[in-house]
Number of protein chains: 2
Amino acid sequence: MEQIRSLIANGDLRPGDRLPAERELAKQLSISRPSIRAGLRMLVARGVLRAKHGSGTYVADGPPSLDSEQLSLLADLHGFTFDQMFEARQVLEVQVAGLAAERATAEHLATLSEEIAEMYAALDDPQQYLIHDIKFHRAIAAASENPILATLVEMVSAVMYDQRRETIGRAHDFKESVEMHQRVYRAIRSHNAEEARRSMHEHLALAHKAYRTEEGKLSKKKK
Amino acid sequence: MEQIRSLIANGDLRPGDRLPAERELAKQLSISRPSIRAGLRMLVARGVLRAKHGSGTYVADGPPSLDSEQLSLLADLHGFTFDQMFEARQVLEVQVAGLAAERATAEHLATLSEEIAEMYAALDDPQQYLIHDIKFHRAIAAASENPILATLVEMVSAVMYDQRRETIGRAHDFKESVEMHQRVYRAIRSHNAEEARRSMHEHLALAHKAYRTEEGKLSKKKK
DNA sequence: CGATAAAAATTGGCTTTACCAATAGGTGAG
DNA sequence: CTCACCTATTGGTAAAGCCAATTTTTATCG
């Protein structure tokens, strides 16, 4: 694992590059294939590599996928609550929205706009709506031009996705939600950092409230 | 991996618990031992499990260790810069300090105080100082009573540790640094959230500046 | 000559077997 | 009763073989 890691740190391996086959790596580094596989497995688990059966192993390029990532396991372990999750999002994403407003390029704005359009198109499909909701927030994080913050937002949004995916209901008012997103988008487009922070804060507060009431309904039903 | 994960999610496995031996797990789940090991390895890599040679495999209880964690690999991959790291810390830790001021218990305060004492004791040992510096910041995150935020702070501080461990010099003014920490600590102890945020912000800004000048000296020396 | 389908080679995934290394706990000597 | 040693348990590594998915090549047909 350390040998591969140093290859990446030295810049010999760039994102998207393909690694030599396991059998060849084993020969080159003079260690057995199972050991090679053990190291690769760890790096895959950490999201640094992606293995494709029959094709090869590649250095990760894009952001982590929506499914089952890093923090999600720790979520099960420590039992993260919704309140804690929204608090974390407030801490992170409000400031990130401010940075995005200061730095967003034309490409970033285009991506944001596209995701909002997708949200409109998915107003009656909660699953799809959730996906594009999260993609919108990730796009804002990308627009902050700080890959560390972008990665953190990606991780908490993965937890969010995992927790909401199964239980999302139709009780939520998506129309209002998408309008809040619009407001955040406009603030970022006009490079108004303060308004971006304020609108993101309100958006998250409202979403938090909406999920709380929805959760209340569910637990009521259980009775 | 999924089977173990569900055991944890269901609460059948609590932090600190010991898992059955690999050979026994293999029999119970009717899969080969290397496959068992593959799954365990992934969970170890993600910080959910800890394997102890000769003893057994345990569910992680405490925070991740200082060495080589999650984000550090992504740091190598995406080439995080110091400026980006301090920006991320500003976004995260300033707000976290505010939450800590609102919620810190007597135990939290005791831990914080201990770490400051350790910092005083290590004024002429940069390596030790760095360790307790980071532990102090993690203790603040723990005092926020939000495990998500605590985990995020732990991850960025691990990156910090990895990047500074080798290159830390004696040029840094540790005396001034520890006094800044004192100020943050006092604000948290008196439950003054606003002052906690302000002092944390200034502390990070100063540390950032100090590291910048130190970095400048290093690159000068290279010439 | 081009396109398409089949086959061969490449590559990651899994299993079995065997042995090494570190730790823990029991056991006997003092 | 204490301490050192020895043994059994447990995670770590290695080797060889086969399966499954993918890619690439090749051959066949239009």
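Throughout, protein chains are lettered first and strands after them, A, B, ... in sequence-line order, and every chain is numbered starting at 1.
If you check residues 12-21 of chain B against DNA chain D, the residues with a heavy atom closer than 4.0 Å are B:R18, B:A21, listed by number.
Remark: P of C:dG13 and CZ of A:R33 are 9 Å apart, rounded to the nearest angstrom. C:dA21 atom C1' lies 17 Å from atom NZ of B:K52, rounded to whole Å. The CD1 atom of A:I36 sits 14 Å away from the P atom of C:dT11 (whole-angstrom rounding). If you take NZ of A:K27 and C1' of C:dT11, they are 14 Å apart, rounded to a whole angstrom. Atom pair A:L49:CG and C:dG12:P shows a separation of 11 Å (rounding to whole Å applied). Across the protein-nucleic acid pair, B:M42 atom CE and C:dG12 atom C1' stand 13 Å apart, rounded to whole Å.
Judged by closest nucleotide on DNA chain D, B:E22 is the one of A:R23 and B:E22 placed further toward the 5' end.
For a distance-only test at 3.5 Å, the side chain of B:R41 fails to qualify as a donor-acceptor partner of the base of D:dG11.
For B:R37 and D:dG12, the shortest distance from a side-chain N or O to OP1 or OP2 is below 4.0 Å. For A:T57, a side-chain nitrogen or oxygen approaches OP1 or OP2 of C:dG12 to under 4.0 Å.
B:F174 and B:Y129 have tilted rings, their planes meeting at an angle from 30° to 60° on a 0 to 90° scale.
In summary, the side chains of B:S157 and B:R138 do present a donor paired with an acceptor at a separation below 3.5 Å, with no hydrogens or angles considered. There is no side-chain donor-acceptor pair under 3.5 Å between A:Q84 and B:N146.
Each of A:H137, A:H208, A:R89 was evaluated against A:H203; a single residue qualifies, A:H137, per the side-chain hydrogen bond (donor to acceptor under 3.5 Å, both in side chains) test. Checked options B:V91, B:T151, B:L152; the residue passing with A:L152 is B:L152 (criterion: side chain to side chain contact (heavy atoms under 4.5 Å, CB included)).
By the 6.0 Å and 45° rule, B:R164 stacks over the aromatic ring of B:Y211.
Per the stacking criterion (ring centres < 5.5 Å, plane angle < 30°), B:H53 stacks onto the base of C:dA21.
Remark: B:S113 OG to B:E118 CD distance equals 10.5 Å, nearest 0.5 Å.
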